[in-house]
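To start, the structure under review is shown below, and the notes come after it.
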Amino acid sequence: MEALEFSPWIFMTASFFGGIVFGLIWEIFRILRRAFVHRGIFVLFEDVAYFIIIAFLYYFLCFAFANGNFRWYSFLCTAIGVVIYLLTLGKLLTKLSNCIILLLGKVYAYTYAFVKFVVLLCLRPFIYAFKLISKPIRAFSPVFRSLRKK
């Protein structure tokens with residue numbers, strides 16, 4: 001089997017589109033920050049998680065397209081991809097983020113209601129059995145109370 005030949009142009013193009021993907025991942029983190037307002041240490045954890053994800057993806061990008069070599073033009077193309085994303089599609093998604101947050105809230109509410117309904121439906125026989133058993137036990141509760149006082 002023949003090894004694929006390294007092509008700088010393919011690597012530059014992949015780096016550019018990788019930068020766009022990195023910008024999109026940042027946009028997801030930004031939408032989550034708007035949806036769930038938090039400060040301090042939680043923002044730090046989000047930033048660290050973002051940079052760990054990006055480092056892993058960039059490392060994979062370099063391994064897949066440049067045989068594990070890091071090139072200066074790859075960093076440049078990735079940065080250009082991020083900047084172009086943030087200045088074009090990123091601005092549009094920022095404006096649409098409120099709609100996205102509302103949509104995610106509705107999806108969450110409907111999912112929560114459905115899961116609650118299914119759980120209660122599954123628990124209904126047990127609840128009915130518990131109520132059926134607890135009625136005779138309540139009838140004997142005065143007897144048990146009087147025994148406890150003695």
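As a basis for the values below, the full set of heavy atoms in this structure was taken, side chains included, without hydrogen atoms, waters or symmetry mates. Since we're looking at a predicted model, the values are computed, not measured.
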From [atom1] ([X]) to [atom2] ([Y]), nearest 0.5 Å:
{"X": "L32", "Y": "I101", "atom1": "CG", "atom2": "CD1", "result": "8.5 Å"}
{"X": "I53", "Y": "L57", "atom1": "CD1", "atom2": "CG", "result": "7.5 Å"}
{"X": "L121", "Y": "F114", "atom1": "CG", "atom2": "CZ", "result": "9.5 Å"}
{"X": "C62", "Y": "F75", "atom1": "SG", "atom2": "CZ", "result": "6.5 Å"}
{"X": "F51", "Y": "W26", "atom1": "CZ", "atom2": "CH2", "result": "6.0 Å"}

Evaluate the side-chain proximity of [Y] to [X]: yes if any heavy-atom separation is below 4.5 Å, no if none is.
{"X": "Y85", "Y": "F22", "answer": "no"}
{"X": "T111", "Y": "K106", "answer": "no"}
{"X": "L86", "Y": "V82", "answer": "yes"}

The remaining residues in the hydrophobic cluster of F126, counting side-chain heavy-atom contacts under 4.5 Å among Ile, Leu, Val, Met, Phe, Trp and Tyr, are V115, V119, L123, I127
Common cluster, [X]/[Y], ILVMFWY with side-chain heavy-atom separation under 4.5 Å:
{"X": "Y108", "Y": "F117", "answer": "no"}
{"X": "I80", "Y": "W9", "answer": "yes"}
{"X": "L87", "Y": "I20", "answer": "no"}
{"X": "I84", "Y": "L76", "answer": "yes"}
{"X": "V83", "Y": "L93", "answer": "no"}

Hits for side-chain contact (heavy atoms from CB on, under 4.5 Å) against L44, two or more places apart or cross-chain, chain-then-number order -> I41, V48
Those residues at least two apart in sequence (or on a different chain) that pass side-chain contact (heavy atoms from CB on, under 4.5 Å) with L104 are I100
Provide the closest heavy-atom pair for [X] versus [Y] in the form atom of the first, atom of the second, distance.
{"X": "S97", "Y": "I31", "answer": "CB-CG1, 3.9 Å"}
{"X": "T78", "Y": "S74", "answer": "OG1-O, 2.7 Å"}
{"X": "F29", "Y": "E46", "answer": "CE2-O, 3.6 Å"}

Within 6.0 angstrom of F17 CZ, more than 12 heavy atoms from elsewhere:
no
Under 6.0 Å from the CG atom of L96, do we count more than 12 heavy atoms belonging to anything else shown? yes
Does Y58 use its side chain to pair, donor to acceptor, with the backbone of G18 at less than 3.5 Å? no
Full working for side chain to side chain contact (heavy atoms under 4.5 Å, CB included) between R34 and N98
CA-CA 8 Å; R34 282 182 155 189; N98 289 335; 4.1 Å; yes
(message) Could you check, using the six-membered ring where one of them is a Trp, whether F63 and Y59 have ring centers closer than 6.0 angstrom?
(response) yes
Stepwise, does the side chain to side chain contact (heavy atoms under 4.5 Å, CB included) test hold for C99 with L103?
CA-CA 6 Å; C99 296; L103 178 68; over 6 Å; no
Apply side chain to side chain contact (heavy atoms under 4.5 Å, CB included) to the pair V21 and I25, showing each step before the final yes or no. CA-CA 6 Å; V21 170; I25 293 171; 4.0 Å; yes
Practice item. Go through the steps to decide whether R30 and T94 satisfy the test side-chain hydrogen bond (donor to acceptor under 3.5 Å, both in side chains), and finish with yes or no. Key: CA-CA 9 Å; R30 191 161 42 173; T94 301; 3.3 Å; yes
